[in-house]
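Shown next, in structure tokens, is the structure this report addresses.
Letters go in sequence order (proteins before strands), and every chain restarts at 1.
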There are 2 protein chains.
Amino acid sequence: MTENLTLQMDEYLPLRDVVFNTLREAILKGELKPGERLMEMHLANRLGVSRTPIREAIRMLEQEGLAVTIPRKGAQVAKMTEKDLQDVLEVRDALDELAVTCACRRMTNEQFVELKEAMKAFEDATRTDDVRKIVETDEAFHDVIYHAAANPKLENIINSAREQMYRYRYEYVKNPSVYAQLIAEHKSIIEGFDKRDEEALKAIMHTHLSNQINAVRNSIREQV
Amino acid sequence: MTENLTLQMDEYLPLRDVVFNTLREAILKGELKPGERLMEMHLANRLGVSRTPIREAIRMLEQEGLAVTIPRKGAQVAKMTEKDLQDVLEVRDALDELAVTCACRRMTNEQFVELKEAMKAFEDATRTDDVRKIVETDEAFHDVIYHAAANPKLENIINSAREQMYRYRYEYVKNPSVYAQLIAEHKSIIEGFDKRDEEALKAIMHTHLSNQINAVRNSIREQV
DNA sequence: GTCGTGTCTTTTGTATTCAATCTTTGATAA
DNA sequence: TTATCAAAGATTGAATACAAAAGACACGAC
């Protein structure tokens, strides 16, 4: 009975949302590459729907910063220049600092446990070759922190900023030599929360983010 | 939907963008009130277009945080709770600090002149009874700063955060007793830029923003 | 009274159609 | 060969049509 209900709930998702999620995933995972045209008919055929939900999904992607449309010429997957990256990182640096400060003050014990579990999952993932899993567990770790900040608006904005750069981050995570460092940083973060040391946390988050800059920058340079 | 909505036909913009701008303005100016339903047919008739561009515009408003839609029940103008306001202000505080820091480092002489002109325009406006003009010149003053930060991504995010609370801000600006204070704060800001004193600027911006909190909070309480 | 139940209306969701605009292609002329 | 331009095709923009769901309301059973 309850299974039926949840199943119905899934059926209740409007197609535009299904399409939006599908396209969003495809963009984030690199299946749709930066600069690639998003042609309505083409996508509609591939997904087996009409153009209407495709168009609405594109409007949503647009506002997320994942697609750019030129009137009467169509939409394409958003490209990032190095300047764009720098700009987003500047913002994320400020928002991460806020998030970690809030989280430090507001994190519950349950969330702290969750954080340690996420840490373990990430550590386990780095011992496999599954890059996608590594990325996902890393994101999940940070999700716990952002969620603990208990500010949904902040969470939204950070997620949107993350999305814009995460497509360029695979290269960084693919390189096993950085795992040790990432794990160490995550451990420091946990320690910071344990001691409720805001200043230390701010510093670590700052380092943690800036370590990604060059990697992502190279990845962007490769995009022709 | 008490006011008459009219489309400003910029011939080259797609209708969805014209509709989006029209609805956005109407929401920000309070013509469409928080919680008010956005019925497609009604809006379409009012604006003399079909449902298609209305629907696309609603998808855009949604991502801006100005509208909320429940699947198969329709969209409504987003309401803010006190918690929402607090969350947005927390974010804006961090972003304003970043913006003012960047602007302090990057502001050109031309932009400084522009800032002083915007200051004057605001001062002039406070001597009239035109609340809308006062709000607009105040926003323009801050626009100069945000633009001087030379970070379009930051500008976008701040604008989106501003939009979410500006509809609740009229009450604050309506009260002439705060003009003197606002002018004084704006003057301090200009002084800060003149001296390139980042710390002073951060402090002023923080004060400037927190002064608005109670006013907006009251305005939100009044919304039933 | 109130709780369902079925019907009718309203509204949203999606597909389809028609119109406008852009792109491509290919023929022609300099 | 290259530049130009017109026609054809492809693609987007907007309106209309049709389907499905939600809401309103009357009616009857309990």
Side-chain angles (χ1 to χ4, degrees), chain A residues 1 4-24 26-27 32-64 66-79, chain B residues 1 5-24 26-27 32-33 35-64 66-79:
Chain A
M1 187 61 175
N4 244 349
L5 274 177
T6 49
L7 218 66
Q8 275 176 0
M9 290 298 280
D10 282 338
E11 281 170 13
Y12 271 32
L13 254 191
L15 274 182
R16 61 164 179 271
D17 291 317
V18 178
V19 172
F20 171 72
N21 289 328
T22 306
L23 293 181
R24 186 176 150 280
I27 292 173
L32 291 168
K33 298 203 169 51
E36 188 166 343
R37 284 189 72 182
L38 296 171
M39 279 188 297
E40 297 168 6
M41 250 330 200
H42 189 225
L43 294 173
N45 290 336
R46 270 180 57 137
L47 300 178
V49 300
S50 81
R51 281 173 58 210
T52 310
I54 301 280
R55 286 175 66 82
E56 297 195 17
I58 287 177
R59 296 289 90 75
M60 298 192 268
L61 291 169
E62 212 175 329
Q63 291 287 350
E64 286 277 296
L66 293 177
V68 172
T69 95
I70 301 168
R72 293 176 183 81
K73 294 182 103 178
Q76 58 178 60
V77 179
K79 285 188 215 178
Chain B
M1 187 76 154
L5 296 174
T6 45
L7 287 182
Q8 301 208 10
M9 284 301 240
D10 273 331
E11 288 298 332
Y12 283 0
L13 273 185
L15 272 184
R16 60 162 180 270
D17 291 318
V18 179
V19 171
F20 171 72
N21 288 328
T22 305
L23 294 181
R24 185 176 152 281
I27 291 172
L32 291 169
K33 298 203 169 51
E36 190 165 341
R37 284 188 71 182
L38 297 171
M39 279 187 296
E40 297 167 8
M41 253 325 215
H42 192 207
L43 293 173
N45 291 336
R46 216 88 175 84
L47 300 177
V49 300
S50 80
R51 282 173 58 212
T52 311
I54 301 280
R55 287 176 65 81
E56 297 194 18
I58 287 177
R59 296 289 89 75
M60 297 193 266
L61 290 170
E62 213 176 328
Q63 291 287 349
E64 286 276 294
L66 292 177
V68 172
T69 96
I70 302 168
R72 291 178 179 78
K73 293 183 106 179
Q76 59 177 54
V77 180
K79 283 189 216 178

Legend entry - Sugar-phosphate only, base, or nothing, as touched by A:Arg51 at under 4.0 Å among non-hydrogen atoms: base
Inset, instruction - Scan A:Leu38 against the nucleic acid and name what it touches under 4.0 Å (heavy atoms): base, sugar-phosphate only, or nothing. - result: sugar-phosphate
Legend entry - Side chain of B:Ser50 - closest among D:dA15, C:dC22, C:dA15: D:dA15
Legend entry - Rounded distance in Å - CG (B:Asn45) to C1' (D:dA15): 13 Å
Inset, instruction - Give, for atom CZ of A:Arg37 and atom NE2 of A:His42, the distance between the pair rounded to the nearest 0.5 Å. - result: 11.5 Å
Inset, instruction - Just compare C:dC22, C:dG13, C:dT16 and give me whichever is closest to any side-chain atom of A:Arg16. - result: C:dG13
Legend entry - Out of D:dA14, C:dG13, D:dA15, whichever nucleotide has its closest atom nearest the side chain of B:Thr52: D:dA15
Legend entry - Euclidean distance, atom CG of residue B:Asp17 to atom C1' of D:dA14 [Å, nearest integer]: 13 Å
Inset, instruction - Please determine, for the side chain of B:Arg37, which listed nucleotide (C:dT14, D:dT12, C:dT11) has the closest atom? - result: C:dT11
Legend entry - Nucleotide nearest B:Glu40 (side chain, heavy atoms from C-beta), chosen from C:dT14, C:dT12, D:dA15: C:dT12
Legend entry - For atom CZ of A:Arg55 and atom P of C:dG13, their distance in whole Å: 17 Å
Inset, instruction - Only one of A:Thr22, A:Leu23, A:Val19 passes side-chain contact (heavy atoms from CB on, under 4.5 Å) with A:Leu43; say which it is. - result: A:Leu23
Inset, instruction - Could you please name the option among D:dT12, C:dT12, D:dG23 that lies closest to any side-chain atom of B:Lys73? - result: D:dG23
Inset, instruction - Using atom CG of B:Leu15 as one end and atom C1' of C:dT21 as the other, report the distance to the nearest whole Å. - result: 15 Å
Legend entry - Value in whole Å for how far the C1' atom of D:dT11 lies from CE of A:Met39: 8 Å
Inset, instruction - Grab the CG-P distance between B:Leu43 and C:dT11 for me, whole Å please. - result: 11 Å
Inset, instruction - I would like to know whether B:Glu56 and B:Arg59 meet salt bridge (charged side-chain N to carboxylate O under 4.0 Å, His left out); could you show each step before the answer? - result: CA-CA 5 Å; B:Glu56 297 194 18; B:Arg59 296 289 89 75; over 6 Å; no
Inset, instruction - For A:Ile54 and D:dT12, give me the distance from atom CD1 to atom P, rounded to whole Å. - result: 11 Å
Inset, instruction - Rounded off to whole Å, could you give me the CD1-to-P distance for the B:Ile70 and C:dG13 pair? - result: 11 Å
Legend entry - Over all atoms of both residues, closest heavy-atom pair of A:Val49 and A:Leu15: CG1-CD1, 3.7 Å
Inset, instruction - Give the minimum heavy-atom separation between A:Arg72 and B:Tyr12, together with the two atoms involved. - result: NH1-O, 3.0 Å
